[in-house]
Amino acid sequence: MARLANHGSRFAGNLLVMTSVVIMIGVALCACMAVMAAEQEGRAKYEAQYQLEHDPVARAKILAKLGRFEVDQARSDLKADKEEQSLADLEHYRDQVETAVQALSATGVNAEQHPSGFKELQISLRETLRHIDELIIQLPLDKRPWFQAVRSDLAKSQNSLIEALFPTLGDKRAKRGGP
């Protein structure tokens with residue numbers, strides 16, 4: 001009789017452990033879904049703000065926040081075997097960045113003295129380029145050139161922002177004849 005009682009309590013203990021594991025998995029899945037929904041909501045919020053904003057400095061600041069979301073979306077598309085959509089996401093972001101950089105330059109603001117917008121976008125681009133590099137490494141070799149072209153365009157935009165922020169550095173390079 002003692003054996004039966006012991007066996008039953010062991011079964012109840014195992015059932016309790018299994019139930020706890022299932023509950024923890026459910027909570028973890030809910031948390032993941034909440035994070036994914038928040039990211040989608042954040043991306044949509046910044047995208048809407050970007051579309052409504054007309055001030056180049058404010059647009060650049062919004063775009064700086066949007067960069068991380070765009071790369072995350074591209075990564076999600078790649079995981080879902082949607083390489084074309086992933087590339088389209090990055091191309092869309094590249095186009096927005098190029099437009100923002102041109103608009104900032106057109107303001108005639110001395111970025112060295114008034115770096116607002118220039119600085120935020122440049123820092124964001126530096127981080128975005130690093131994340132795109134990580135994304136490219138995961139791609140098959142035949143898909144990499146298209147993504148590398150987008151990365152190259154973003155790097156050019158970042159370099160133009162650096163030159164605007166640090167014009168004396170650009171002058172020194174021009175005098176030396178160096179890159």
Side-chain angles (χ1 to χ4, degrees), residues 24-26 28-51 53 56 59-106 111 115 117-167 169-174 176-179:
M24 288 191 301
I25 290 172
L29 285 173
C30 288
C32 288
M33 296 297 282
V35 167
M36 289 172 44
E39 283 187 15
Q40 286 296 326
E41 194 174 292
R43 180 179 183 227
K45 178 183 90 170
Y46 288 128
E47 187 71 40
Q49 285 178 352
Y50 178 81
Q51 297 301 327
E53 187 60 56
R59 284 188 111 194
K61 288 180 178 183
I62 293 167
L63 198 54
K65 295 174 186 173
L66 191 58
R68 179 177 58 90
F69 293 110
E70 295 292 343
V71 174
D72 288 346
Q73 182 63 45
R75 184 175 288 117
S76 296
D77 289 340
L78 280 177
K79 287 181 181 177
D81 292 327
K82 298 178 185 175
E83 289 91 4
E84 295 84 14
Q85 182 60 44
S86 177
L87 182 61
D89 292 337
L90 293 177
E91 287 173 337
H92 175 71
Y93 177 65
R94 176 207 54 207
D95 295 343
Q96 289 177 320
V97 167
E98 288 175 349
T99 302
V101 170
Q102 289 171 357
L104 284 171
S105 297
F118 292 86
K119 178 181 67 174
E120 291 86 357
L121 187 55
Q122 186 276 319
I123 291 168
S124 173
L125 279 173
R126 182 180 62 221
E127 293 171 359
T128 299
L129 288 169
R130 190 182 79 241
H131 292 299
I132 290 174
D133 287 340
E134 293 169 358
L135 189 133
I136 289 173
I137 289 172
Q138 298 172 1
L139 290 169
L141 291 175
D142 61 327
K143 306 277 188 205
R144 289 182 185 180
W146 297 302
F147 287 83
Q148 288 170 333
V150 172
R151 189 222 181 272
S152 177
D153 293 341
L154 288 170
K156 287 177 189 172
S157 294
Q158 183 201 20
N159 289 338
S160 68
L161 289 170
I162 290 173
E163 289 171 6
L165 288 164
F166 306 103
L169 180 62
D171 292 342
K172 288 178 186 176
R173 287 182 179 170
R176 276 189 299 167

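Counting from 1, the numbers follow the sequence of the chain as shown. Just so it is clear, the model here is predicted, and its values are computed rather than measured.
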Point to revise | Partner set under side chain to side chain donor-acceptor pair (under 3.5 Å) for Q122, not counting sequence neighbours | key: none

Review point. For residues 89-104, which residue pairs qualify under salt bridge (charged side-chain N to carboxylate O under 4.0 Å, His left out), counting only residues two or more places apart or in two chains?
Key: R94-D153

Check your understanding: How long is the gap from CD1 on I123 to CD on Q158, to the nearest 0.5 Å?
Key -> 10.0 Å

Review point. How many angstroms lie between atom NZ of K65 and atom OH of Y50, to the nearest 0.5 angstrom?
Key: 14.5 Å

Exercise for review: First locate atom NZ of K82, then atom CG of L87, and finally report the distance between them rounded to the nearest 0.5 Å.
Suggested key: 15.0 Å

Review point. Taking only residues two or more places apart in sequence, or in another chain, which ones meet Y93 in a ring pair (Phe, Tyr, Trp, His ring centres under 6.0 Å)?
Key: none

Point to revise | Side-chain heavy-atom pair R59, L63 within 4.5 angstrom cut-off | key: no

Revision key, fill the gap. Between F147 and E83, the two heavy atoms sitting closest are CZ-O, 3.8 Å

Practice item. Keeping the roles fixed (side chain from S152, backbone from Q148), state whether a donor-acceptor pair exists under 3.5 Å. Key: no

Revision key, fill the gap. Taking every heavy atom of S157 against every heavy atom of V97, the minimum-distance pair comes out as CB-CG1, 3.7 Å

Point to revise | 4.5 Å side-chain heavy-atom contact, F166 and I162 | key: yes

Point to revise | side chain to side chain donor-acceptor pair (under 3.5 Å) partners of K119, counting only residues at least two apart | key: none

Practice item. Output the distance between atom CG (L165) and atom CZ (F118), rounded to the nearest 0.5 Å. Key: 7.0 Å

Practice item. Kindly give the heavy-atom pair with the smallest separation between L78 and S86, and that separation in Å. Key: CG-OG, 3.4 Å

Check your understanding: For Q51, what residues pass the side chain to side chain donor-acceptor pair (under 3.5 Å) criterion, not counting sequence neighbours?
Key -> E47

Study note, to complete from the structure: Residues A111 and A164: closest non-hydrogen pair is CB-O, 3.4 Å

Quiz: residues 126-142 side-chain donor-acceptor pairs under 3.5 angstrom, not counting sequence neighbours:
{"residue": "T128", "atom": "OG1", "partner": "S124", "partner atom": "O", "Å": "2.8"}
{"residue": "D133", "atom": "OD1", "partner": "R151", "partner atom": "NE", "Å": "2.5"}
{"residue": "D133", "atom": "OD2", "partner": "R151", "partner atom": "NH2", "Å": "3.3"}

Exercise for review: Could you pull out the closest heavy-atom pair between E53 and I62, with the gap in Å?
Suggested key: CB-CD1, 4.1 Å

Exercise for review: Determine whether the side chains of N159 and E163 contain a donor N or O and an acceptor N or O closer than 3.5 Å.
Suggested key: no

